[in-house]
Amino acid sequence: MILELKRLFGNIFEEALIQEITRVGTLKEIPENFMMIDIGERIKGVPLMISGAIKISRENEKGEELLLYYLEEGDSCTLTFASEMGTTKSKIRAVSELPSKLIMIPINQMENWEGKYPSWRKFLFRSYQIRMDEMVETLDSIAFDGLEKRLLDYITEKKRVNGKNELQITHQNIAQELHSSRVVISRLLKKLEQTGKIELKRNKIVIT
DNA sequence: ACATTAATTGTGT
DNA sequence: ACACAATTAATGT
């Protein structure tokens, strides 16, 4: 655990903080498609991503979903920081997209870190900033881009995260994550296939 | 190997 | 958005 911590966070955190994290944090290995936290659940700790990818999404009253962003190695989830102080419940859902490794730090264990370690404070701000930027980006894409571009972005992003040029997913699932309907996605995908950008199989999309 | 069924995808209105 | 057709995968006999 120390090795991986140093590899990813060694340049950011001072030695003493690294020691502290190894003392109170626990290394978790998460299988693929595992729901780590759901909307409304109490937040128990702050995650530091070691490897893999986690999908962060939002859901409305009707149970319709919307993909917000991915967490990847070196990331942390700052929406949890927002609820770090109070007893707020999670506003988001986190499901692992790939088998993932991360270190969980219980929130009650990190109470005075912000005063004690300047690097921790910096990390919080930087992380918060990055996450905010990503959200503004997806907000922009929803507000200003057409669904076609959004779908293309979605595919390329998913391809990048998975590291394959083959995605195993149904049109229905895509529609849910982008908060659209299956028929529309099917039609757009077909258009993308005709322009030679992708190839459609059953339960599968190949990027060409 | 064949038939049946369920799930996914395609298309017209 | 809805309805239905077409295709594919899964399962039982």
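Order of the sequence lines fixes the chain letters, A, B, ..., with proteins taken first and strands second; residue numbering starts at 1 for each chain.
Taking the six-membered ring wherever Trp is involved, the centroid distance between the rings of A:Y117 and A:F13 does not fall below 6.0 Å.
We find that CD of A:E193 is positioned 14 Å from P of C:dT7, with the value rounded to whole Å. Between A:Q172 atom CD and B:dA7 atom P the separation is 12 Å, expressed in whole Å. Rounding to whole angstrom units, CG of residue A:L167 and C1' of B:dT9 are separated by 17 Å. Rounding to whole angstrom units, NZ of residue A:K201 and C1' of B:dT8 are separated by 16 Å. Atom CZ in A:R182 sits about 14 Å away from atom P in B:dA7, given to the nearest Å. Summarising the geometry, the separation between CD on A:Q176 and C1' on B:dT9 is reported as 15 Å, rounded to the nearest angstrom. Going from atom CD of A:Q168 over to atom C1' of B:dA7 covers 14 Å, rounded to whole Å. Here the C1' atom of nucleotide B:dT11 and the CD atom of A:Q194 are 12 Å apart, to the nearest Å.
Listed by first and then second residue, the salt bridge (charged side-chain N to carboxylate O under 4.0 Å, His left out) pairs that reach into residues 165-189 of chain A are A:K55-A:E177, A:K158-A:E177, A:E166-A:K204, sequence neighbours excluded.
Look at A:S186 and you won't find any side-chain N or O under 4.0 angstrom from OP1 or OP2 of B:dT8. At the phosphate of B:dG10, OP1 or OP2 sits under 4.0 Å from a side-chain N or O atom of A:H171.
Using a cut-off of 4.0 Å between Lys/Arg side-chain N and Asp/Glu carboxylate O, A:E199 and A:K201 are scored as salt-bridged. Classification of A:E114 and A:K122 as a salt-bridged pair fails, no side-chain N sitting under 4.0 Å from a carboxylate O.
Side-chain proximity of A:R202 to the nucleotides B:dT9, B:dG10, B:dG12 is greatest for B:dT9.
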